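This report refers to the structure that appears directly beneath it.
Because the structure is a prediction, the values reported are computed rather than measured.
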Amino acid sequence: MADDLQLIEAFDSRVKRRSERREFFKAAIGAAAVGATTLLVSQEAFAQTLIDADFLNFALNLEYLEAQFYSYAATGAGLSSTLLGTSPGAVTATNARRVDNLDSDPLVRDYAREIAADEVAHVTFLRAQLGTSAIVQPAIDISTGATSAFGKAAVAAGLPATFDPYSSPENFLLGAFIFEDVGVTAYKGLVPLLASKTYVEATSGIMAVEAYHAAMVRTALYAKGVATPSLRTSADAISDARDSLDGTVTDDDQGISPVTINGGTASNVAPLDADGLAYARSTGQVLNIVYLTNTAVSMGGFFPAGVNGNIKTSAAN
């Protein structure tokens with residue numbers, strides 16, 4: 001109970017710290033329509049007119065997913081109904097729970113609590129900025145089992161369909177690894193599409209936080225992989241599976257196994273290109289991964305009924 005109260009206090013503290021910034025950003029929603037542009041989105045086979053609110057709502061779908069997963073993993077419960085909108089999609093959370101033996105690994109426990117609080121803050125922030133334009137939470141699957149999204153993601157990576165991200169601190173890190181690199185690349189791809197400088201600043205801020213999260217997860221897996229090499233192998237397999245889904249020709253979505261730099265062994269915590277830059281994914285490529293498909297579809301995987309908003313279709317890879 002004390003742990004839950006501490007986490008609630010952390011949520012409240014983060015909300016208070018962001019309240020003044022939220023008021024500033026709220027004024028920008030009206031300007032989003034002015035910045036409407038016609039462009040080809042996500043390598044999909046159609047062009048449509050989209051505004052900043054569409055891109056922020058696309059991001060909000062991802063934040064709902066991450067916030068639900070991390071909240072269950074850290075506390076055993078999902079998001080408050082006050083954050084989901086009117087008549088939201090259901091969360092399929094069979095066997096979703098606070099990670100087993102989480103307290104046995106204080107580092108991972110504390111990471112889980114911090115990331116959960118951050119993702120709840122992102123949902124709250126984006127909903128506040130979008131106001132009445134905010135999408136409701138879509139149907140989400142964070143359950144376990146062979147037919148669940150986590151089970152299918154595991155199979156795509158060559159791991160057992162019985163993979164359970166809630167069964168140990170190590171499996172939690174692998175579950176988090178599925179999402180975190182995707183979040184960074186999703187925001188990197190969204191930022192150039194935004195017309196409002198206000199939203200560019202806000203979205204870049206979220207992208208930076210997602211990058212911190214990814215580095216935390218990758219560092220923990222890399223360190224634990226010293227004693228348990230299979231963790232690195234599993235993370236590499238998840239990375240390869242993402243490449244196979246999003247149509248990446250080169251290994252942009254790198255795993256975490258050591259690399260050789262200037263003749264010596266080096267870690268691979270930050271997956272970068274030759275110029276030292278983080279890479280981006282289109283909205284279609286992001287949906288390839290969360291829908292768990294390399295074809296053009298409008299639902300599947302972690303979003304069994306699809307995401308909400310005007311950007312819904314994965315890329316044909």
Looking just at side-chain N and O atoms, do R281 and Y187 make a donor-acceptor pair shorter than 3.5 Å?
no
Cluster overlap F302 with L83, hydrophobic side-chain contacts below 4.5 Å:
yes
Between D246 and N288 (side chain of the first, backbone of the second, donor and acceptor by atom type, cut-off under 3.5 Å), is there such a pair?
no
Value for OH (Y212) from CE (M216), rounded to nearest 0.5 Å, stands at 11.5 Å
Chi angles and distances behind the side-chain contact (heavy atoms from CB on, under 4.5 Å) call for F58, V286:
CA-CA 10 Å; F58 177 79; V286 171; 4.0 Å; yes
Quick one: does S282's side chain have a donor or acceptor within less than 3.5 Å of a partner on Q285's backbone?
yes
In terms of hydrophobic clusters joined by side-chain contacts under 4.5 Å, are I142 and V155 together?
no
Can a donor-acceptor pair be found, under 3.5 Å and without considering hydrogens, that links the side chain of E114 to the backbone of Y111?
no
If I compare all heavy atoms of G301 with all of L292, which pair ends up nearest, and what's the gap?
CA-CD1, 3.9 Å
Is there a path from V120 to I140 through hydrophobic residues (I, L, V, M, F, W, Y) whose side chains come within less than 4.5 Å of each other?
yes
Would a 4.5 Å heavy-atom cut-off, applied to side chains only, mark E210 and D181 as touching?
no
For a quick test of reading the model, state the closest non-hydrogen atom pair linking S196 to D52 and the distance between them.
N-OD2, 2.9 Å
Any chance you could measure F179, atom CZ, to I115, atom CD1, to the nearest 0.5 Å?
12.0 Å
OG/S81 to CD/Q137 distance, rounded to the nearest 0.5 angstrom?
10.5 Å
Would you say N171's side chain and Y166's backbone share a donor-acceptor pair under 3.5 angstrom?
no
Do Y279 and V259 land in one hydrophobic cluster if side-chain heavy atoms of ILVMFWY residues count as linked below 4.5 Å?
no
So D141 and S148, do their side chains get closer than 4.5 Å, heavy atoms only?
yes
With distance as the sole criterion, is a donor-acceptor pair present between the side chains of S230 and T228 under 3.5 Å?
no
Taking the side chain as everything from C-beta on, heavy atoms only, tell me whether I256 gets closer than 4.5 Å to V269.
no
Between N268 and G255, what is the shortest heavy-atom contact and its length?
ND2-O, 2.9 Å
I'd like to check L231 versus L221 (side-chain heavy atoms, cut-off strictly below 4.5 Å). Are they in contact?
yes
Could you tell me whether the side chain of N57 and the main chain of S133 form a donor-acceptor pair under 3.5 Å?
yes
Under 3.5 Å side-chain donor-acceptor pair for H213 and E66:
no
Backbone N/O of Y64 and side chain of E119: donor-acceptor pair under 3.5 Å
no
Check step by step if side-chain contact (heavy atoms from CB on, under 4.5 Å) holds for V136 and N308.
CA-CA 7 Å; V136 301; N308 288 331; 3.7 Å; yes
Output yes when a side-chain donor or acceptor of S314 lies under 3.5 Å from a complementary backbone atom of T295, and no otherwise.
yes
Rounded to the nearest 0.5 angstrom, the CG-CG distance for N317 and D243 is 11.0 Å
Got I178 and F150 here, is their nearest side-chain heavy-atom distance under 4.5 Å?
yes
Taking all heavy atoms of Y291 and all of S298, pick out the closest pair and write down the distance.
OH-O, 3.2 Å
Using modelled atom types and a 3.5 Å cut-off, is there a donor and acceptor pairing between side-chain atoms of N310 and backbone atoms of L50?
no
Please give me the minimum heavy-atom distance between A280 and G189, naming the atom from each residue.
CB-N, 3.7 Å
Distance col, row L84:CG vs I135:CD1, nearest 0.5 angstrom, shows 11.0 Å
For a side-chain contact (heavy atoms from CB on, under 4.5 Å) check, start with the C-alpha distance between L79 and S71, then their side-chain angles and the critical distance, and finish with the verdict.
CA-CA 7 Å; L79 297 182; S71 292; 3.7 Å; yes
Hphob cluster co-occupancy, V184 + V217, side-chain heavy atoms under 4.5 angstrom:
no
If you look only at pairs with a residue in residues 155-176, which of them pass as a salt bridge (charged side-chain N to carboxylate O under 4.0 Å, His left out), with sequence neighbours excluded?
R97-D164, E170-K224
Taking every non-hydrogen atom, the tightest pair across A112 and A74:
O-CB, 3.8 Å
Report yes if the side chains of F69 and F172 come closer than 4.5 Å at any heavy-atom pair, otherwise no.
yes
Report yes if some heavy atom in the side chain of R109 is under 4.5 Å from a heavy atom in the side chain of V99; otherwise report no.
no
For T147, the side-chain contact (heavy atoms from CB on, under 4.5 Å) test, sequence neighbours excluded, returns none
Should we say atom NZ of K188 is surrounded by more than 12 heavy atoms from elsewhere, each under 6.0 Å from it?
yes
Would you say the side-chain atoms of S257 and D236 include a donor-acceptor pair closer than 3.5 Å?
yes
Measure the CG-CG distance between L56 and L194 for me, rounded to the nearest 0.5 Å.
6.0 Å
Should L287 and T293 be marked as a side-chain contact (heavy atoms from CB on, under 4.5 Å) after you check the CA-CA gap, both sets of side-chain angles, and the distance that decides it?
CA-CA 8 Å; L287 291 177; T293 181; over 6 Å; no
Does V108 offer a backbone N or O that forms a donor-acceptor pair with the side chain of D105 under 3.5 Å?
yes
Salt-bridged, R98 to D103, with N to O below 4.0 Å?
yes
Treating E201 as the side-chain partner and K197 as the backbone partner, does any N or O pair qualify as donor plus acceptor under 3.5 Å?
no
Compute the centroid of each ring, for Y199 and then for F55, and state whether the two points are separated by less than 6.0 Å.
no
Mind checking whether D118 and Y70 have side chains closer than 4.5 Å, heavy atoms only?
no
